[in-house]
Amino acid sequence: PRLPHDQLIKLLSNMALSEQHEKAVKYLNDECKLQFDKWLTLFDEGYTVILHGFGSKRNLLQAFHKERLANQHVMVVNGFFPSLTVKDILDNIQDLLEMTVMTGNPHEVVGAIEDEMNDSPTLNLFLIVHNIDGTMLRNDKAQSVLSRLASIKNLHMICSIDHINAPLCKSMTIFTSQYDF
């Protein structure tokens, strides 16, 4: 039988991780942090970094933000928010770039953002997307817009994929096949 949610939370809150498990998680995080300089090099070469696998990648992305991007223009997108829209992402990028595009077409907005970024080649914008396969970002429209943003030369995207079957989703396959390495 299914365990009621409150009992599950109570049981999980009383659980403590073994010392061995905590050491293993710390070791993995430390190993991943050694890749931060490589990630910056990949961004310079025009790649997008996609983190996937079991467990939370949020702390690692936050550490990268804090340790390597502290003096950069960074926008963090929480893709797991059920009310997030592509328009929200594009509006926030426009705010960050101090620009306004008067159109409802997201691809026209991306085009304007691309023009603005091309006019300022020394400006680098880092887009950190937690859970790029979140419910509201999983559709073709959102993935198409995110793919176009990722292709802008000085807009660098690093994101996490958390749904175990994300590569099997039609719209996610479009994004990962173009930009995963």
Side-chain angles (χ1 to χ4, degrees), residues 32-33 35-52 56-163 166 169 171-172 174-181:
C32 288
K33 287 179 181 181
Q35 301 298 313
F36 285 176
D37 290 331
K38 181 178 181 180
W39 295 356
L40 291 171
T41 301
L42 290 169
F43 290 139
D44 287 342
E45 296 297 322
Y47 289 95
T48 292
V49 175
I50 300 175
L51 305 178
H52 59 90
S56 176
K57 288 140 294 287
R58 186 174 183 79
N59 290 339
L60 185 63
L61 289 171
Q62 288 174 330
F64 179 66
H65 181 186
K66 182 180 174 184
E67 294 175 22
R68 295 297 197 275
L69 305 177
N71 297 321
Q72 300 291 329
H73 296 283
V74 179
M75 188 175 116
V76 177
V77 176
N78 292 311
F80 48 82
F81 283 163
S83 62
L84 178 71
T85 65
V86 171
K87 184 182 182 321
D88 294 333
I89 295 169
L90 295 174
D91 287 349
N92 285 325
I93 292 173
Q94 288 183 76
D95 290 345
L96 193 65
L97 297 175
E98 298 177 355
M99 61 182 284
T100 304
V101 180
M102 300 305 246
T103 180
N105 184 330
H107 288 287
E108 289 178 14
V109 176
V110 173
I113 290 169
E114 185 172 18
D115 292 342
E116 182 72 23
M117 296 294 289
N118 287 336
D119 290 343
S120 306
T122 59
L123 173 67
N124 286 292
L125 172 61
F126 291 85
L127 188 60
I128 299 174
V129 184
H130 297 288
N131 199 357
I132 198 167
D133 55 334
T135 305
M136 298 305 290
L137 298 180
R138 207 177 284 167
N139 60 67
D140 289 340
K141 175 184 168 186
Q143 290 295 307
S144 176
V145 168
L146 291 169
S147 292
R148 284 202 54 209
L149 287 172
S151 71
I152 298 172
K153 184 179 178 181
N154 47 342
L155 192 150
H156 312 290
M157 187 179 297
I158 182 167
C159 57
S160 67
I161 293 178
D162 295 319
H163 191 284
C169 297
S171 60
M172 288 304 301
I174 293 168
F175 187 84
T176 57
S177 65
Q178 290 179 357
Y179 299 101
D180 197 8
F181 55 91

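All values below come from the heavy atoms of this structure, side chains included, with hydrogens, waters and symmetry mates left out.
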Taking every non-hydrogen atom, the tightest pair across V145 and P106: CG2-CB, 3.9 Å

With a 3.5 Å cut-off and no angle check, do the side chains of T85 and D88 form a donor-acceptor pair? yes

Do L137 and F81 come within less than 4.5 Å of each other through their side chains, counting heavy atoms only? no

Closest approach of N154 and L123, non-hydrogen atoms and distance? ND2-O, 2.7 Å

Determine whether a donor-acceptor pair (N or O, by modelled atom type, separation under 3.5 Å) exists between the side chain of E116 and the backbone of E98. no

Classify the ring geometry of F43 against H156: parallel below 30°, tilted from 30° to 60°, perpendicular beyond 60°. tilted

Could you grab the distance from atom CZ of F64 to atom CG of L40, nearest 0.5 Å is fine? 4.5 Å

Mind running side-chain contact (heavy atoms from CB on, under 4.5 Å) on N78 and R58 for me, showing each step along the way? CA-CA 10 Å; N78 292 311; R58 186 174 183 79; 3.1 Å; yes

Quick one, I158 and H65 - any side-chain contact, counting heavy atoms below 4.5 Å? no

Separation between CD of Q62 and CG of L69, rounded to the nearest 0.5 Å: 12.5 Å

Worked check of side-chain contact (heavy atoms from CB on, under 4.5 Å) between R68 and D37: CA-CA 8 Å; R68 295 297 197 275; D37 290 331; 3.1 Å; yes

Could you tell me whether the side chain of I132 reaches within less than 4.5 Å of the side chain of I50, counting heavy atoms only? no

All heavy atoms of I89 vs all of M75, minimum pair found to be O-CE, 3.5 Å

Rounded to the nearest 0.5 angstrom, the CD-NZ distance for E45 and K38 is 12.5 Å

Just one of N124, L97, L149 clears the side-chain contact (heavy atoms from CB on, under 4.5 Å) bar with M117, so which one? L97

Would you please test L60 and F36 for side-chain contact (heavy atoms from CB on, under 4.5 Å) and show each step? CA-CA 10 Å; L60 185 63; F36 285 176; 3.8 Å; yes

CG of L90 to CD1 of I113: how many Å apart, nearest 0.5 Å? 5.0 Å

Considering all heavy atoms, the nearest I152-V110 contact: CD1-O, 4.4 Å

Looking at every heavy atom in both K57 and I161, which two are closest together, and how far apart are they? CE-O, 3.5 Å

Sidechain-backbone polar pair: S151 side chain, R148 backbone, donor-acceptor under 3.5 Å: yes

Test your reading of the model: is there a side-chain donor-acceptor pair from S160 to the backbone of D162, 3.5 Å cut-off? no

Within the 4.5 Å heavy-atom criterion, are S144 and H107 side-chain neighbours or not? yes

For H73, does the NE2 atom sit with more than 12 other heavy atoms under 6.0 Å from it, leaving out its own atoms? no

Which heavy-atom pair separates L146 from M157 by the least distance, and what is that distance? O-CE, 3.4 Å

I'd like to know whether L51 forms a side-chain contact (heavy atoms from CB on, under 4.5 Å) with W39, so could you lay out the CA-CA distance, the side-chain angles of the two residues, the decisive distance to 0.1 Å, and finally the verdict. CA-CA 11 Å; L51 305 178; W39 295 356; 3.7 Å; yes

V109 vs D91 side-chain heavy atoms within contact, under 4.5 Å: no

Looking only at atom types and distance, does a side-chain atom of N131 sit under 3.5 Å from a main-chain N or O of G134, one as donor and one as acceptor? yes

